[in-house]
Amino acid sequence: MHRVLLISTEAALGEQAKRALDTAATVVRIDPLSDNVGELARQFAPDAVIVDSEARTGAQTAYERLLAVRQWFDADTPIVVVGNEMGAQLILTAMRAGAQDFIDRDASDREFKNVMLRHLVNRVGTGQQGRNRMIAVMSPTPNDENRDFSLNMGCLLAAARPKDGVILVDLSLPASDVGIALGIDLHFRVTDAVKDIARLDRALLDGAVARCPRSGLYVLPLSLYGDDEGWAVDMQDLRALLEMLQSLYEIVIVYGGPFSRNEDLIVLPNARSHFFLACNQRFTSIKATGDLLRTVRALRTSGSEPILAVTEFAPALTPSFDEIRNALGVTRAVRLPVRWAELADSVNRGVPLSLDGSSAYVDSLTQCLVELSLLPDGVPARQDVQPVRSWARKLMGILP
């Protein structure tokens, strides 16, 4: 998926660009009068730029405005100017300032798309090469144990990388359980971030997004308990937000939840990203995983094979981890042995397994992340509770 930056104060032009390029590019519109417009432009790292010729930035002439925009980007980033009837004077001015093409303000969506595709077709995600890593966790069925997987992975990564930023974007519905699982108060949501996308920076997000005090994991939920329709977000806007987050945080973990079958979300992570499919031993989960796996393979023809993450509640029962892996025909898989009661207890206490000392589940997940070069080799399990209390709690089930 390409990225297109629109510099304009006109909301209607932004809607047209999103509509015309919906299947080809993620579009972000920024106001040229914003204080941090240049920094935002660089953070988004667009594959092409659209400039509204009528956008005003003080007393600058059209040539000065376009020249300033040109200097924010690499010389090979195409700039397309939108104007009324594209008069000869404006065309010459735009060409002198480094614009490559023009679109009439009254152009149809089809004309708009054709012009932009001429410049995007030969650019294969050039801006994504320097992006930080995205980890996608897709849930064939939105079960609670699948949410635990992304949360525990996020806590492990954040605790091991205290100087880096690790953020979990939880798209669970009807509400995110991460706040309960971590014992923190969630308040800033995806929709809030989308509303502020034109001025997003790391300082704003670090001050607004909830953060786990023990691991350092940032959490951005789609929906909170009590939300009705306030969580609804346009997929174009969600894509744009995730693109922006990759430039601001070292690792972005996206839990797809009920959106796991959305094609836009499946194709968004680039070739450097890691793609997990989380399931368990139930036949319904295995069947749904097989269906989703075929979809992912068809849509993601490049990049690495999806990694199967199997939560194994009953190791003595069938189908076993090996039987599930063989039935689905996957070459990369991680076995996560844990009793359901342990997962439920960890959520109820607000202490994820990855923050509660060593266990088979944590050790297996840690080894997987080491092999993916997401964790340094030899990272110890987090010891946030004393071993004696940990074992007593597991054996007796009575300590808080």
In this structure, CG of Leu265 is separated from CG of Leu238 (nearest 0.5 Å) by 6.5 Å
Value for CD (Gln71) from CG (Leu66), rounded to nearest 0.5 Å, stands at 11.5 Å
Kindly say whether Asp322 contributes a backbone atom to a donor-acceptor pair with the side chain of Arg335 at under 3.5 angstrom?
-> no
Between Asp170 and Ser172, do the side chains contain an N or O donor and an N or O acceptor separated by less than 3.5 Å? yes
Smallest heavy-atom separation, Val166 atom then Tyr249 atom, equals N-CD2, 4.3 Å
| query | Between the side chains of Asn152 and Ser354, does any donor sit under 3.5 Å from an acceptor? | reply | yes
**Prompt:** Hey, mind stepping through Val233 and Leu222 against side chain to side chain contact (heavy atoms under 4.5 Å, CB included) and telling me if it holds?
**Reply:** CA-CA 9 Å; Val233 62; Leu222 176 66; 4.0 Å; yes
Note: Phe188 and Ala208 closest approach over all heavy atoms is CB-O, 3.2 Å
Of all heavy-atom pairs linking Gln281 and Leu317, the shortest is NE2-O, 3.5 Å
Between the OG1 atom in Thr331 and the CG atom in Leu328, the distance rounded to the nearest 0.5 Å is 12.0 Å
| request: Could you walk me through whether Ile50 and Val27 pass the side chain to side chain contact (heavy atoms under 4.5 Å, CB included) test, one step at a time? | output: CA-CA 10 Å; Ile50 303 172; Val27 178; over 6 Å; no
Can you get from Val347 to Phe313 by hopping between Ile, Leu, Val, Met, Phe, Trp and Tyr side chains that sit under 4.5 Å apart?
-> no
Q.
Under a 4.0 Å threshold between the charged nitrogen and the carboxylate oxygen, would Asp291 count as salt-bridged to Arg294?
A. yes
Original post:
Would you say Leu21 and His2 make side-chain contact, with heavy atoms under 4.5 Å?
Top reply: no
Does Leu299 share a hydrophobic cluster with Leu308, counting links as ILVMFWY side-chain heavy atoms below 4.5 Å and allowing steps through other members? yes
CG of Leu5 to CD of Glu243, rounded to nearest 0.5 Å, is 12.0 Å
Quiz item: Counting N and O atoms only, with roles assigned by atom type, does the side chain of Thr77 sit under 3.5 Å from a partner on the main chain of Ala48, one being a donor and the other an acceptor?
Solution: no
Do Leu365 and Leu336 make a side-chain contact, defined as non-hydrogen atoms from C-beta onward lying under 4.5 Å apart? yes
Closest heavy-atom pair, Leu353 versus Val362, reported as atoms and distance to 0.1 Å, is O-CG2, 3.3 Å
*asked:* Quick check: do Cys212 and Val219 have side-chain heavy atoms less than 4.5 Å from each other?
replied: no
**Asked** Given Arg105 and Asp52, is the salt bridge (Lys or Arg N to Asp or Glu O under 4.0 Å) satisfied, shown in steps?
**Response** CA-CA 9 Å; Arg105 190 174 296 277; Asp52 185 351; 2.4 Å; yes
Can Asp237 and Leu241 be said to form a side chain to side chain contact (heavy atoms under 4.5 Å, CB included), step by step? CA-CA 6 Å; Asp237 293 334; Leu241 175 63; over 6 Å; no
Exercise. Hey, are the side chains of Leu245 and Met134 touching, using non-hydrogen atoms and a 4.5 Å cut-off?
Worked result: no
Taking the side chain as everything from C-beta on, heavy atoms only, tell me whether Leu13 gets closer than 4.5 Å to Phe112.
yes
Separation between CG (Leu293) and CD (Glu305), nearest 0.5 Å, reads 6.0 Å
Check this for me: does any side-chain nitrogen of one of Arg332 and Glu371 sit under 4.0 Å from a carboxylate oxygen of the other?
no
Checklist entry - Does any N or O in the side chain of Glu111 come within less than 3.5 Å of the main-chain N or O of Asp109, such that one atom is a donor and the other an acceptor? => result no
**Item:** Main-chain N/O of Ile251 paired with Arg133 side-chain donor or acceptor, under 3.5 Å
**Value:** no
Q) Is Arg300 reaching over with its side chain to a backbone N or O of Pro269, donor-acceptor style, under 3.5 angstrom? A) yes
Note to self: A quick test of your reading: do over 12 heavy atoms of other residues, nucleotides or ligands sit less than 6.0 Å from CD of Glu263?
What the structure shows: no
Residue pair Asp356, Glu342: steps toward the side chain to side chain contact (heavy atoms under 4.5 Å, CB included) verdict: CA-CA 11 Å; Asp356 201 16; Glu342 291 180 69; over 6 Å; no
(message) For a 4.5 angstrom cut-off between non-hydrogen side-chain atoms, does Val4 reach Pro46?
(response) no
Quiz item: Would Leu355 end up clustered with Ile180 when hydrophobic side chains under 4.5 Å apart are linked, directly or stepwise?
Solution: no
Fill in: Backbone N/O of Lys163 and side chain of Glu250: donor-acceptor pair under 3.5 Å
no
Worksheet item: Does the side chain of Phe102 reach to within under 4.5 Å of the side chain of Val115, using non-hydrogen atoms?
Response: no
Has Asn280 got a side-chain atom pairing as donor or acceptor with Arg282's backbone, closer than 3.5 angstrom? yes
Closest non-hydrogen atoms of Glu323 and Pro319, given as atom of the first, atom of the second and distance, are OE1-CA, 3.1 Å
Query raised in the report: Short question: side chain of Arg147, backbone of Gly257 - any donor-acceptor pair under 3.5 Å?
Result: no
query = Is there side-chain contact between Lys18 and Leu6, with heavy atoms separated by less than 4.5 Å?
reply = no
Tell me whether Asp31 contacts the main-chain N or O of Thr9 through its side chain, where contact means a donor paired with an acceptor under 3.5 Å. no
Scanning both residues in full, the closest heavy-atom pair of Ser223 with Leu173 reads CB-CD2, 3.7 Å
Practice prompt. Determine, using the 4.5 Å side-chain heavy-atom cutoff (strictly less than), whether Trp340 and Leu151 are members of one ILVMFWY cluster.
Written response: yes
field: Check: Thr141 main-chain N/O paired with Ser139 side-chain donor or acceptor under 3.5 Å
entry: yes
In this structure, CD of Gln100 is separated from CG of Asp76 (nearest 0.5 Å) by 9.0 Å
